[in-house]
Amino acid sequence: MAALVLSAPKVLLVAVELAAKADIDSLSYLAAQHGSVLRKDVLLRILLTYLPETLQSEHYVSFIEEVEEGVYHGKDVDIDYAAVEKLSDEEAARKVRKLHLLPLSWPDAPPDASEDFTTLFLIRRAYKVDDEAGLLDELPGLLVPFLDHSPCIRSLMISAILPLLRRNCEYYPAQPIPQTLSAFEHFPDRAAVSLLLSETGTRGDDYVTIGRDLRGLVGPWLYNEKHWKSRAGERGRRASSTTAGASSTEGSLCPGWEQVLEWLTMQASKSWRVAVCAVDQWDGPRDADLGGYGVMWLNDQEQEHLARTYARAALASAYLIPEASIEALSGAHTIVTKVVKLLDQDPTPPLQSAASMLSPILGQDIGHVLSARNATYLRNDLLGESNILTSPTKPATQLLHGLILSAFFLTRSGSPCTVRRAGELALLQDEREQKAEAVKLIHNIGGNGSKSDDKYWIKARNEVLWLRDWGSEEDSPSPEYQVKGVFGQLKKEFLEVEILKALLANTRYSLARSLYEDSPDLPLPKKVLQDTIFAAALNAFDNASNPNRTRGGLKKCDDMIKAFPQTIEKSLPATRRIEALLKATHSLGEYRLVLKQGEPFTPVVLRVHADPISIIGKILEQNPKSYTRIQDLVDLGTYLVEAGLTVRDKPRQGTPTAEEQTDDLSIAERRVTAMCIDAALSEDDFETAYSYVVGRLSAINEPARAPPRRTSQRGPGPTASPPARIADDYSWKAALQAGKYRRTARTLRPTHLGTASANPDIRHLEQRAECLAAALRAAPAPTLQEIVNAFRRCEEELDAAVKADAERERAWDAAGDGLLLPGGATPMPGGFGVEHRPPGGGPRGGPSSSSSSSRQQQAEEAPMSLFDLSRASVRSAQRNLTALSGLRHTGGGGAGKGGDEGSAMASSGELEGDGEDGGPKRARKRDQLREAAMGTLVSGVGWLINAGPTPSERHDSE
């Protein structure tokens with residue numbers, strides 16, 4: 001069909017109709033026929049207004065190129081002009097005025113493309129396709145052919161369409177961004193970046209796409225000059241800066257990039273694996289995936305800013321990792337390794353290799369960074385330019401490397417530590433906190449790893465010492481370059497002591513001896529080494545649960561003392577005390593002992609008990625007949641004294657002297673003996689209690705009762721001061737309790753009588769009198785009256801018993817002289833009586849004495865009053881001492897240390913003396929006891945009633 005001659009309005013109407021029908025071929029032919037009417041701008045406006053947005057780009061991109069070139073390649077086609085044939089030119093003009101063609105330009109159009117109709121059309125067409133049809137994926141087909149046509153098109157394609165297209169259609173199609181391209185471009189930069197990264201790192205353990213997102217979303221987005229304040233509005237900003245008197249800071253160059261850095265650091269504090277993977281997988285802004293749409297550049301200032309701030313954010317992320325685990329610290333080390341690589345510094349070995357090498361960190365590298373004034377940067381302004389800890393410099397990376405290694409050593413040994421915590425220890429240098437961490441670390445070393453492997457312990461020791469100075473002490477050229485690490489405030493001696501304790505606690509005796517005793521370069525002074533070994537031994541003792549010294553904690557205690565023969569000599573006081581402590585504890589293991597209900601005895605009780613000797617009383621209570629093992633119990637008390645357990649509450653300075661320890665041993669022996677006496681009485685074994693009183697207590701009290709020796713008053717030498725009497729509050733009480741004991745049906749009978757009276761009552765009363773006499777000899781003056789009263793009552797009972805026995809004797813004597821024997825028996829002819837035992841169990845004898853002798857004996861046995869007794873004691877004070885001495889030598893034996901022969905003599909009740917006719921006379925033992933006891937009363941009750949001299953006068957007379 002031949003072309004009709006159409007007026008310009010009709011041509012426009014036909015073009016609009018063809019554009020609306022998407023008849024691109026006919027439109028191309030029409031444009032070729034009516035080029036003067038369908039100019040480029042008019043034709044592009046028609047396409048912009050009426051071309052359907054749903055039309056695929058491939059159908060009209062070639063036509064856009066024809067329009068741009070002005071050469072149309074449309075074929076000869078038949079165009080239907082029916083719609084305009086019947087219209088007059090006026091009607092066509094009116095319809096043209098109603099077309100309302102969209103302008104190509106808009107207020108936010110790129111200034112550089114204001115005269116480029118094709119660029120303006122393509123950009124507006126892209127917005128319309130996305131706004132009206134939501135066909136974002138059609139935009140690459142529209143714009144890619146024109147990337148070289150205008151930088152504006154390339155910038156739009158790479159910085160806006162490509163990130164949005166990847167985010168919505170490729171990476172996260174299930175969670176697309178609801179905003180259109182136009183809205184996204186008008187979003188604030190920070191909000192736009194947040195939208196792009198809203199799904200990054202949120203898929204659980206799938207972290208492999210984090211680097212992809214940063215590379216494919218953030219990287220392209222940055223290549224848009226509108227996102228850089230250094231380009232956009234530069235004139236206005238310069239004017240503003242001049243007015244304010246200050247220039248813009250680097251932090252305001254690109255707000256969107258700042259949002260990326262904040263996102264990275266936020267992930268480090270909340271989900272550190274995301275941050276680690278981000279740094280590990282992404283080399284920073286220069287690592288951008290532009291989709292093959294060409295190459296774009298930033299200026300040098302912008303590139304430097306991006307690289308520097310990215311390295312700073314990566315270092316900040318390492319400090320922000322909140323988890324104290326090996327995995328987290330490995331992630332932090334990955335970060336610092338990547339930063340070192342990005343900054344072209346010397347490469348850092350892997351974490352495990354670095355931990356094995358223990359490479360030094362010298363002060364000339366980090367000296368100005370490792371300062372307490374920089375501690376505030378650990379928590380504040382991590383991304384700030386003034387933060388020296390996160391600055392992209394070698395000192396900052398070296399410091400972070402040291403902190404990561406320090407935290408790694410602490411965490412691996414069971415003392416969890418974050419990088420920030422290690423930074424606080426290293427920067428603040430708080431000695432108390434460092435000491436707590438060091439003690440916990442060394443303690444945990446003993447609970448981890450192979451305790452039987454010396455290599456493990458040597459390596460652990462090297463690591464602990466490295467934490468003090470980061471290896472700089474030996475490698476620094478001068479002391480000023482030495483570094484104080486996380487234990488920098490602690491002395492090396494302190495760490496060596498704690499390591500030695502751990503070695504001993506874990507039975508590494510050979511290694512400890514080789515390091516601290518046999519080594520030519522001794523790490524510890526001998527005195528410190530001794531004190532540490534003793535403390536460790538006592539600690540093992542305190543943690544023991546078994547009182548057997550060949551097992552458990554006591555064995556460890558014993559082995560520690562013996563493991564250092566050159567350091568721990570047996571002659572040391574501390575060595576002797578620990579040996580005595582072990583003996584005492586081992587002795588206690590032979591008895592059943594429960595100090596608290598349901599809690600068995602543990603060795604530490606000895607060291608914490610306020611009165612350890614009282615434990616022997618518990619043994620006597622809980623173990624029947626244990627009082628018969630008195631020597632073992634006395635030895636136990638001796639061990640407790642030698643172990644120094646009985647002097648804790650005494651006001652002494654330093655180690656007790658030999659005299660003080662002798663006094664303590666004497667008191668302990670008396671106290672244990674008194675406990676055994678009380679235990680024997682509680683179990684109604686009076687005979688054993690009696691033997692302990694007359695045998696052991698008398699022997700123990702002998703040195704204490706010895707008169708003080710004085711030098712001659714005539715000589716020029718000084719007068720020796722009398723020794724102070726040992727404060728003994730146990731012997732006399734035990735003797736008094738024995739003296740007050742009365743026989744019952746439960747009282748155990750003696751196993752043999754010896755030469756003692758066969759009358760059990762008399763025998764018992766005589767033994768009680770001896771016990772009371774012993775109490776008188778040991779008791780202090782204020783208590784004598786009570787003992788004297790008990791002694792008097794015992795004497796009265798004994799006199800009554802003797803009289804009753806004498807009456808029985810007279811009855812049998814009378815029967816022997818011819819009278820009827822009791823029961824009607826008849827004596828034998830010749831006056832020889834048959835030997836019989838009196839009914840009371842009196843002594844056997846030959847011919848009875850005369851009645852005058854009986855009366856004399858009765859007179860002698862008459863009881864004395866306390867007044868007469870005291871005055872008689874005054875008159876015989878001097879010879880009483882001799883009698884008392886003789887009594888001790890003849891009757892001091894017993895079941896204990898005195899011997900059986902002496903006990904028999906003491907029980908016989910008779911001693912030899914001078915008679916009236918020069919021959920031997922039978923002297924009653926109770927008289928000697930009375931005289932001996934009253935000799936003691938001379939300084940006691942006697943002077944109270946003016947019966948004798950005062951104690952001070954008696955001492956003077958001596």
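- Applying the side-chain contact (heavy atoms from CB on, under 4.5 Å) criterion to Thr602, with sequence neighbours excluded, gives Val604, Val605.
- Distance check: Asp664 CG to Thr638 OG1 gives 11.0 Å after rounding to the nearest 0.5 Å.
- Ser406 and Trp470 share a side-chain donor-acceptor pair at under 3.5 Å.
- Partners of Phe408 according to the ring-ring contact (aromatic ring centres under 6.0 Å, His included) rule, which considers only residues two or more places apart in sequence or in another chain, do not exist here.
- Between Phe409 and Trp466, the two ring planes are perpendicular [angle over 60°; tilted spans 30° to 60°].
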* **side-chain hydrogen bond (donor to acceptor under 3.5 Å, both in side chains) assessment of Thr550 paired with Asn548** => CA-CA 5 Å; Thr550 62; Asn548 192 325; 2.7 Å; yes
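- Remark: Lys526 engages Glu569 in a salt bridge (Lys or Arg N to Asp or Glu O under 4.0 Å) (not counting sequence neighbours).
- Evaluation of the salt bridge (Lys or Arg N to Asp or Glu O under 4.0 Å) rule for Glu327 yields Arg273 as partners, not counting sequence neighbours.
- Residues satisfying the side chain to side chain donor-acceptor pair (under 3.5 Å) test with Ser545, not counting sequence neighbours, are none.
- Checked by atom type, the side-chain pair Asp635/Gln631 shows a donor-acceptor distance below 3.5 Å.
- A salt bridge (charged side-chain N to carboxylate O under 4.0 Å, His left out) check over residues 396-406, counting only residues at least two apart or in different chains, returns nothing.
- Within the 3.5 Å criterion, the main-chain N or O of Asp663 finds no donor-acceptor partner in the side chain of Ser666.
- Scanning for salt bridge (Lys or Arg N to Asp or Glu O under 4.0 Å) contacts around Lys562 gives Asp558, with sequence neighbours left out.
- Exactly one residue among Glu493, Glu496, Glu473 makes a salt bridge (Lys or Arg N to Asp or Glu O under 4.0 Å) with Arg468. That residue is Glu473.
- Judged by distance alone, with hydrogens and angles left aside, the side-chain atoms of Ser371 form no donor-acceptor pair with the main-chain N or O of Asn374 at under 3.5 Å.
- With hydrogens and angles ignored, the 3.5 Å screen pairs no side-chain donor or acceptor of Asn623 with any backbone N or O of Ser626.
- Put simply, the side chain of Glu498 never gets that close to the backbone of Ile442: no donor and acceptor are under 3.5 Å apart.
- Residue pairs meeting the side-chain hydrogen bond (donor to acceptor under 3.5 Å, both in side chains) criterion with at least one member in residues 579-589, sequence neighbours excluded, are Arg549-Glu579.
- Under the side chain to side chain donor-acceptor pair (under 3.5 Å) criterion, Arg420 pairs with no residue at all, not counting sequence neighbours.
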* Would you check, one step at a time, whether the test side-chain hydrogen bond (donor to acceptor under 3.5 Å, both in side chains) holds for Asp685 with Tyr627? => CA-CA 10 Å; Asp685 189 356; Tyr627 60 85; 2.7 Å; yes
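- Under the side chain to side chain donor-acceptor pair (under 3.5 Å) criterion, Glu642 pairs with no residue, sequence neighbours left out.
- Defined by atom type and a distance below 3.5 Å, a donor-acceptor pair is present between the side-chain atoms of Thr567 and Glu517.
- Considering only residues two or more places apart in sequence or on other chains, Lys527 meets the salt bridge (Lys or Arg N to Asp or Glu O under 4.0 Å) condition with Asp531.
- Evaluation of the side chain to side chain donor-acceptor pair (under 3.5 Å) rule for Arg592 yields no partner, not counting sequence neighbours.
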